[in-house]
Participant: 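Quick one: the structure is below, and I'll ask about it shortly.
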Amino acid sequence: MARRDLKTVEPNDPAMSLKKKTSRKTLRTNLLPRVSEDPLWYKDAIIYELHVRAFADSNGDGIGDFVGLTGKLDYLKDLGINTIWILPFYPSPLKDDGYDIADYLEVNPAYGTLSD
């Protein structure tokens, strides 16, 4: 059964560079991890659910962010985790613990940016 492994992406990784006229399909193909063709992949997965806000703070403001999260991917991999379930991270008025999403196309500014 094929599994995908977590990996830390280097900032200058050519595979992560975007061209100006890149289609959404190309973005999905190049940037998103490949999921196993096995429809029962989750039966052997080690899933770790996390809230970005509470996981790892990279800038010392007391709020976890995506830079902190990506900096801990090797640590999570060393623990045997191969799947991460991230709780809502979109901008939200936070009346329903972040599930009341205000903008599905952005990241809550407290957690970083889309490029993080």
Side-chain angles (χ1 to χ4, degrees):
M1 179 180 311
R3 288 190 183 165
R4 65 170 199 226
D5 290 322
L6 296 173
K7 88 171 200 179
T8 303
V9 176
E10 295 299 323
N12 297 324
D13 185 349
M16 298 305 290
S17 64
L18 300 176
K19 295 179 182 173
K20 287 185 179 182
K21 294 186 178 184
T22 304
S23 70
R24 283 186 178 267
K25 184 176 182 180
T26 302
L27 284 174
R28 271 189 229 114
T29 303
N30 292 341
L31 297 179
L32 297 180
R34 300 230 182 245
V35 176
S36 170
E37 295 297 324
D38 180 2
L40 301 176
W41 65 268
Y42 59 90
K43 290 195 172 219
D44 293 322
I46 307 299
I47 302 170
Y48 186 76
E49 179 184 67
L50 64 84
H51 194 301
V52 176
R53 181 181 192 90
F55 185 69
D57 176 17
S58 69
N59 61 5
D61 66 357
I63 298 173
D65 47 49
F66 279 103
V67 173
L69 168 61
T70 56
K72 295 288 186 179
L73 290 179
D74 287 335
Y75 168 73
L76 294 172
K77 182 180 177 182
D78 290 344
L79 292 175
I81 295 163
N82 60 11
T83 307
I84 299 174
W85 180 329
I86 302 177
L87 295 175
F89 56 85
Y90 305 103
S92 166
L94 298 175
K95 294 179 182 174
D96 190 22
D97 293 324
Y99 288 91
D100 50 335
I101 297 166
D103 186 350
Y104 286 92
L105 302 176
E106 292 296 326
V107 171
N108 185 324
Y111 307 153
T113 65
L114 284 173
S115 63
D116 291 341

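Because only heavy atoms are used, hydrogens play no part in the values below, and waters and symmetry mates are left out as well, while side chains stay in. Index from 1, following the sequence.
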Participant: With a 3.5 Å cut-off and sequence neighbours excluded, list the donor-acceptor pairs that the side chains of residues 91-102 form with protein atoms.
Facilitator:
{"residue": "S92", "atom": "OG", "partner": "L94", "partner atom": "N", "Å": "2.9"}
{"residue": "S92", "atom": "OG", "partner": "D100", "partner atom": "O", "Å": "3.1"}
{"residue": "S92", "atom": "OG", "partner": "D100", "partner atom": "OD1", "Å": "2.7"}
{"residue": "D100", "atom": "OD1", "partner": "D96", "partner atom": "N", "Å": "3.4"}
{"residue": "D100", "atom": "OD2", "partner": "K95", "partner atom": "N", "Å": "2.9"}

Participant: Can you give me the closest heavy-atom contact between T70 and D116, atom names plus distance?
Facilitator: CG2-O, 4.2 Å
Participant: Decide side chain to side chain contact (heavy atoms under 4.5 Å, CB included) for N59 and D65; before the verdict, give the C-alpha distance in whole Å, the side-chain angles of both, and the deciding distance to 0.1 Å.
Facilitator: CA-CA 8 Å; N59 61 5; D65 47 49; 3.6 Å; yes
Participant: List the residues meeting side chain to side chain donor-acceptor pair (under 3.5 Å) with D57, not counting sequence neighbours, and say none if there are none.
Facilitator: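 Result, side chain to side chain donor-acceptor pair (under 3.5 Å) vs D57: none returned.
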Participant: Got a second to check how far I86's CD1 is from H51's NE2, nearest 0.5 Å?
Facilitator: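 If I round to the nearest 0.5 Å, the distance is 11.0 Å.
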Participant: Using every non-hydrogen atom in the two residues, find where L50 and L69 come nearest and quote the distance to one decimal.
Facilitator: CD2-CD1, 3.7 Å
Participant: Give a yes or no on whether V107 and Y104 share a hydrophobic cluster (residues Ile, Leu, Val, Met, Phe, Trp, Tyr; joining criterion: side-chain heavy atoms under 4.5 Å apart).
Facilitator: yes
Participant: Could you go through the side chain to side chain contact (heavy atoms under 4.5 Å, CB included) check for Y90 and D103 one step at a time?
Facilitator: CA-CA 6 Å; Y90 305 103; D103 186 350; over 6 Å; no
Participant: So, taking the atom named CD1 in I46 and the one named CG in L76, what distance separates them when rounded to the nearest 0.5 Å?
Facilitator: 12.5 Å
Participant: As an exercise, state the distance from OH of Y48 to CG of L79, rounded to the nearest 0.5 Å.
Facilitator: 8.0 Å
Participant: Compare every heavy atom of I84 with every heavy atom of I81, then report the nearest pair and how far apart it is.
Facilitator: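 Heavy-atom minimum between the residues: CG2-CG1, 4.5 Å.
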Participant: With sequence neighbours excluded, give me every ring pair (Phe, Tyr, Trp, His ring centres under 6.0 Å) pair touching residues 52-79.
Facilitator: F66-F89
